[in-house]
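Numbers for residues simply follow the sequence, beginning at 1.
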Amino acid sequence: MKITSSAVSLNVDDVPASSAFLVGHFGFSEVMAADGFASLTRDDAGMNVVFLRRGLETLPADQCEEHAAGLILAFVVEDLEGELARLRSEGVAITMPLTDEDWGERAFQVRDPNGVIVQLVDWNAPSSG
């Protein structure tokens with residue numbers, strides 16, 4: 001098997017709202033869109049993000065009504081505090097404050113208009129020794 005690209009697909013109620021959130025606040029570009037579908041990309045993200053409208057008939061019956069619950073869309077960034085300040089200045093509600101974990105992860109979270117969790121992370125692992 002050779003993987004040529006990667007994507008995460010998320011079922012949401014309002015595809016244009018989630019798409020606009022990632023485009024407007026996270027620099028993604030919408031590369032394909034149709035009724036109930038949008039595919040977004042960033043050159044540096046390493047994957048595409050796809051939004052599908054809940055209830056879409058093309059999805060299997062056991063998936064079409066599911067919502068992207070329990071999933072965290074995480075992006076590792078270089079300037080975590082700068083991104084936090086930028087998002088606040090853009091009026092984005094911070095739904096989990098900046099936290100520091102013992103294992104070196106630092107992160108905060110926001111939610112898109114459909115409740116999809118977007119987490120920005122940096123790693124400052126403790127030095128050994």
Quiz item: Can you check whether Arg86's main-chain N or O pairs, donor with acceptor, with Ser89's side chain at less than 3.5 Å?
Solution: yes

Quiz item: Is Glu57 atom CD crowded by more than 12 heavy atoms from other residues, nucleotides or ligands, each under 6.0 Å away?
Solution: no

Practice problem: Run the numbers on Asn11 and His67 for side-chain contact (heavy atoms from CB on, under 4.5 Å), then give the verdict. | Solution: CA-CA 5 Å; Asn11 292 354; His67 183 271; 5.7 Å; no

Quiz item: Would Phe75 and Phe28 count as a close aromatic pair, with their ring centres under 6.0 Å?
Solution: yes

Self-check item: Connected via hydrophobic side-chain network under 4.5 Å: Leu73 and Val15
Solution: yes

Self-check item: CA sep, side-chain torsions, deciding dist, call: Met47, Val8, side-chain contact (heavy atoms from CB on, under 4.5 Å)
Solution: CA-CA 7 Å; Met47 67 172 185; Val8 58; 3.9 Å; yes

Quiz item: Does a donor on one side chain sit under 3.5 Å from an acceptor on the other, for Gln109 and Thr95?
Solution: no

Quiz item: Say you draw a straight line from CG of Asp43 to OG of Ser29; how long is it, rounded to the nearest 0.5 Å?
Solution: 8.0 Å

Quiz item: Which heavy atom in Met96 sits nearest to a heavy atom in Ala107, and how many Å separate them?
Solution: CE-O, 3.7 Å

Quiz item: Hey, what do you get for OG (Ser19) to CZ (Phe51), rounding to the nearest 0.5 Å?
Solution: 7.0 Å

Exercise. With rounding to the nearest 0.5 Å, note down the distance linking CD in Glu81 to CG in Leu120.
Key: 11.5 Å

Exercise. Check the pair Phe26, Val77 against side-chain contact (heavy atoms from CB on, under 4.5 Å), reporting the backbone distance first and the verdict last.
Key: CA-CA 11 Å; Phe26 293 94; Val77 298; over 6 Å; no

Self-check item: Side chain proximity check, Leu22 to Val49, heavy atoms < 4.5 angstrom
Solution: yes

Exercise. Could you walk me through whether Gln119 and Glu105 pass side-chain contact (heavy atoms from CB on, under 4.5 Å), step by step?
Key: CA-CA 12 Å; Gln119 177 171 291; Glu105 178 186 81; 4.1 Å; yes

Practice problem: Consider only side-chain heavy atoms of I, L, V, M, F, W and Y, link residues closer than 4.5 Å, and tell whether Ile72 and Val110 are in one cluster. | Solution: no

Self-check item: Val121 vs Leu80 side-chain heavy atoms within contact, under 4.5 Å
Solution: no

Self-check item: Nearest-0.5 Å distance, CG of residue Leu52 to OG1 of residue Thr58
Solution: 7.0 Å

Quiz prompt | Any Arg54 side-chain heavy atom under 4.5 Å of Val12 side chain | solution = no

Self-check item: For the student: nearest non-hydrogen atoms of Leu56 and Gly36, plus distance
Solution: CD2-O, 3.8 Å

Self-check item: Validation row: Thr99, Phe108 side chains within 4.5 angstrom (heavy atoms)
Solution: no

Quiz item: Does the side chain of Phe21 reach to within under 4.5 Å of the side chain of Val116, using non-hydrogen atoms?
Solution: no

Practice problem: Might you point out which heavy atoms bring Ser6 and Ile3 nearest each other, and give the distance in Å? | Solution: OG-CG2, 4.1 Å

Self-check item: Taking every non-hydrogen atom, the tightest pair across Gln63 and Leu59
Solution: OE1-CD2, 4.3 Å

Exercise. List the atom of Gly27, the atom of Arg42, and the distance in Å for their closest heavy-atom pair.
Key: O-CG, 3.4 Å

Quiz prompt | Student check: side-chain heavy atoms of Leu40 and Val23 closer than 4.5 Å | solution = yes

Quiz item: Is any side-chain heavy atom of Arg88 closer than 4.5 Å to a side-chain heavy atom of Leu84?
Solution: yes

Quiz item: Which heavy-atom pair separates Arg111 from Gly115 by the least distance, and what is that distance?
Solution: NH1-O, 2.9 Å

Self-check item: Electrostatic pair Arg53-Asp14, nearest N-O below 4.0 angstrom
Solution: no

